[in-house]
Amino acid sequence: MDFDTPVNRLGTQSSKWDLMEPAFGVPSEDGIAMWIADMDFKAPDFLQASVQDLLNTANYGYFCGMESFHEAVGWWMNTRHGWKTDPSWTFITYGLGHGIAMTLQAFTDPGDHVATFTPVYHEFQAKIEKTGRVNTQLPLVIDENGLYRMDFDAYDALMTGKERILLISSPHNPAGRVWTQDELNALADFCIRHDLLLIADEIHHDLIFPGHKHLATAVALPQILDRMIITTAASKTFNVAGGRTGCVIIPDEGLRAKFTPFFNSFDISPNLLGVALTRAAYSPEGAAWVDQLNDYLFGNYQVFKEALDQINGAAMMPMESTYLTWVDFAGTGLSPAEVSKRVTKQAKIAPTPGKGLGKGGESFLRFNIGTQRAQVIEAAERLSQAFKDV
């Protein structure tokens with residue numbers, strides 16, 4: 001697998017690259033886009049072949065054969081995550097974000113509260129607000145090893161009694177934490193204690209670094225399957241978000257009975273391209289590609305962290321998964337505005353501002369290292385230069 005060959009995505013209607021200049025003022029001709037969470041690698045051959053099959057068939061009308069899609073999803077969950085799913089559990093949505101929004105609407109009323117562990121993926125807050133719900137933010141704490149931990153004693157005091165759902169990111173975006181069994185057990189107890197429905201966004205579950213193992217929430221916490229919903233997609237692992245195909249997986253019959261009529265009221269049909277891409281991704285070829293991808297991403301992380309650790313006052317959180325690094329610039333003594341200026345104007349890099357990811361993210365920037373190693377090295381060198389006087 002070749003992850004080093006440069007891929008020029010400028011002018012291809014890539015949101016990550018073509019919106020970089022209007023969004024951040026970072027010039028397209030020599031800027032580095034490290035914000036939106038997709039990767040810059042060439043699409044693997046098995047994905048290209050699936051699209052070519054569509055072209056060869058030249059049938060873009062109504063389609064059937066969804067059994068093979070469900071079989072692929074089931075095979076992937078079982079072989080990669082040890083979770084035996086049933087096709088009747090899976091609802092195909094218009095992307096994972098759409099799936100999260102639908103679950104919020106199906107299981108809560110406007111004005112209800114949804115708890116999140118912050119900082120967290122900014123779309124959680126956006127989906128909560130757009131659906132007329134309220135976000136109860138439960139800040140993560142940083143331990144002596146620089147890793148995020150959950151503080152349930154503090155969270156008990158922050159709960160208002162209006163919360164109906166706990167929405168989590170597992171593995172965690174933006175920090176790349178892989179939650180342990182003990183942490184998940186404490187989370188289950190918290191859900192029971194506060195009578196919460198748990199929605200686990202597991203879209204990064206395939207992108208795990210050596211020495212760590214993602215625990216599928218449904219496997220790790222069988223004691224709360226009656227209050228659990230999983231959302232996921234092939235989009236982050238295989239960079240196929242344009243296919244707009246996600247999955248809401250509901251193991252519990254009672255929850256499915258409530259969700260099904262709500263889901264059916266939208267009369268949603270799967271996307272032909274997204275189905276084909278997901279089916280091709282969730283395959284032995286896809287599994288082999290992901291194994292090599294993870295090794296490559298881990299190498300990118302090591303290179304980037306080694307350089308960032310040399311910047312006085314910058315603290316890059318140790319990563320266990322994903323391709324999204326989380327860097328705290330509070331120790332530089334610079335204001336967030338000054339940090340942003342140095343990164344975007346001097347280094348000409350566009351990262352994701354941490355303030356949009358909730359409480360605790362104000363002094364952070366999120367850098368996407370899902371790109372060629374040479375570009376990661378270039379970005380690290382630019383940042384080192386931009387902060388050399390700190």
Side-chain angles (χ1 to χ4, degrees), residues 9 12-19 35-40 43 47 50-51 54 60 63 66 69-70 72-74 76-77 85 87 89-107 114 116 120-131 133 165 167-174 199-207 217 229-250 259-260 262-282 286 290 322-324 352 356-357 368 370:
R9 301 180 69 197
T12 65
Q13 296 184 327
S14 161
S15 297
K16 178 182 175 184
W17 286 91
D18 290 343
L19 296 182
W35 59 310
I36 290 176
D38 67 13
M39 298 181 289
D40 295 324
L47 292 185
S50 70
V51 176
L54 290 179
Y60 310 120
F63 65 100
M66 289 303 297
F69 174 88
H70 288 291
V73 171
W76 190 262
M77 295 304 168
T85 62
W89 301 355
T90 301
F91 300 82
I92 304 175
T93 62
Y94 192 62
L96 179 131
H98 175 232
I100 291 174
M102 290 189 72
T103 58
L104 295 180
Q105 294 177 75
F107 292 100
V114 178
T116 61
V120 72
Y121 176 46
H122 55 277
E123 279 296 318
F124 281 11
Q125 174 74 22
K127 296 292 186 291
I128 292 168
E129 291 180 349
K130 288 177 181 178
T131 56
R133 280 63 176 172
I165 286 175
L167 175 58
I168 69 165
S169 176
S170 179
H172 185 259
N173 170 8
I199 301 176
D201 170 5
E202 297 195 356
I203 198 167
H204 292 279
H205 61 174
D206 297 313
L207 304 173
T217 312
I229 294 173
I230 307 300
T231 65
T232 191
S235 53
K236 286 291 180 286
T237 307
F238 296 94
N239 225 58
V240 291
R244 305 302 297 166
T245 303
C247 293
V248 170
I249 307 176
I250 307 179
F259 185 73
T260 298
F262 181 83
F263 177 84
N264 288 341
S265 71
F266 290 90
D267 198 22
I268 297 169
S269 296
N271 177 293
L272 175 63
L273 176 61
V275 166
L277 289 170
T278 301
R279 197 164 45 204
Y282 287 165
V290 171
T322 82
Y323 49 80
L324 303 170
T352 299
L357 280 70
N368 178 349

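By convention here, the first residue in the shown sequence is residue 1.
A distance of 11.5 Å separates OG1 in Thr245 from NE2 in His98, rounded to the nearest 0.5 Å. Remark: Leu167 CG to Thr116 OG1 distance equals 7.0 Å, nearest 0.5 Å. In this structure, CD1 on Ile230 lies 11.0 Å from OG1 on Thr85, to the nearest 0.5 angstrom. Taking CG from Asp40 and CG from Asn239, the interatomic distance works out to 7.5 Å, rounded to the nearest 0.5 Å. Taken to the nearest 0.5 Å, the CH2 atom of Trp89 stands 11.5 Å off from the CE atom of Met77. Between the CD1 atom in Ile199 and the CD1 atom in Ile250 there is a gap of 9.0 Å [rounded to 0.5 Å].
Looking only at distances, no side-chain donor or acceptor of Thr278 sits under 3.5 Å from a matching main-chain atom of Val275. The closest donor-acceptor contact from the side chain of Trp35 to the backbone of Asn368 lies at 3.5 Å or more, if one exists at all. Side-chain atoms of Lys16 come within 3.5 Å of backbone atoms of Asp38 as a donor-acceptor pair (strictly under, hydrogens ignored). A donor-acceptor pair under 3.5 Å is absent between the side-chain atoms of Asp201 and the main chain of Ser169, judged by distance alone. The main-chain N or O of Thr131 is found under 3.5 Å from a side-chain atom of Arg133 such that the two form a donor-acceptor pair. A donor-acceptor pair under 3.5 Å links the side-chain atoms of Ser50 to the main chain of Leu47, judged by distance alone. Between the Arg9 side chain and the Met39 main chain, a donor and an acceptor come within less than 3.5 Å of each other.
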- Passes side chain to side chain contact (heavy atoms under 4.5 Å, CB included), Ile36 versus Trp17? Steps please. CA-CA 9 Å; Ile36 290 176; Trp17 286 91; over 6 Å; no
- Message: Using side chain to side chain contact (heavy atoms under 4.5 Å, CB included), reason through Thr352 and Leu324 one step at a time and then give a plain yes or no.
- Response: CA-CA 10 Å; Thr352 299; Leu324 303 170; over 6 Å; no
- Task: Would you sort out whether Val120 and Gln125 count as a side chain to side chain contact (heavy atoms under 4.5 Å, CB included), showing the intermediate values?
- Result: CA-CA 9 Å; Val120 72; Gln125 174 74 22; over 6 Å; no
- Please report the C-alpha distance between His172 and Tyr121 in whole Å, then the side-chain angles of each, then the deciding distance to 0.1 Å, and finally whether the side chain to side chain contact (heavy atoms under 4.5 Å, CB included) criterion is met. CA-CA 8 Å; His172 185 259; Tyr121 176 46; over 6 Å; no
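Between the side chains of Glu202 and Thr231, not a single donor N or O lies within less than 3.5 Å of an accepting N or O.
Heavy-atom minimum distance, Thr322 versus Pro171: CG2-CB, 4.5 Å. Thr103 and Ile165 make their closest contact through O-CD1, 4.3 Å (heavy atoms, listed as atom of the first residue, atom of the second, distance). Looking at every heavy atom in both residues, Ile203 comes nearest to Ser235 through CD1-OG, 3.3 Å. Residue Cys247 comes nearest to Thr90 through the heavy atom pair SG-CG2, 3.9 Å, listed as atom of the first residue, atom of the second, then distance. Residues Ala72 and Tyr282 come closest through the heavy atom pair O-CB, 3.5 Å.
Residues Trp76 and Asp206 are in side-chain contact: their nearest non-hydrogen atoms beyond the backbone lie under 4.5 Å apart. At a threshold of 4.5 Å between non-hydrogen side-chain atoms, the residues Val290 and Thr237 count as touching. Side-chain contact between Leu357 and Pro174 is present, with at least one heavy-atom pair separated by less than 4.5 Å. Counting heavy atoms from C-beta outward, Phe63 and Pro270 have side chains that approach closer than 4.5 Å. In this structure the side chain of Lys127 never reaches within 4.5 angstrom of the side chain of His122, judged on heavy atoms. The side-chain heavy atoms of Leu273 and Leu54, taken from C-beta on, include a pair separated by under 4.5 Å. In this structure, Val248 and Thr232 have side chains that are not in contact, with every pair of non-hydrogen atoms separated by 4.5 Å or more.
Residues meeting the salt bridge (charged side-chain N to carboxylate O under 4.0 Å, His left out) test with Lys236, sequence neighbours left out: none. The ring pair (Phe, Tyr, Trp, His ring centres under 6.0 Å) search around Phe69 returns none, not counting sequence neighbours.
The aromatic rings of Phe91 and Phe263 stand perpendicular to each other, their planes meeting at an angle above 60°, with 30° marking the opposite boundary. Ring geometry for His204 versus Tyr323: interplanar angle over 60°, hence perpendicular rather than tilted (30 to 60°).
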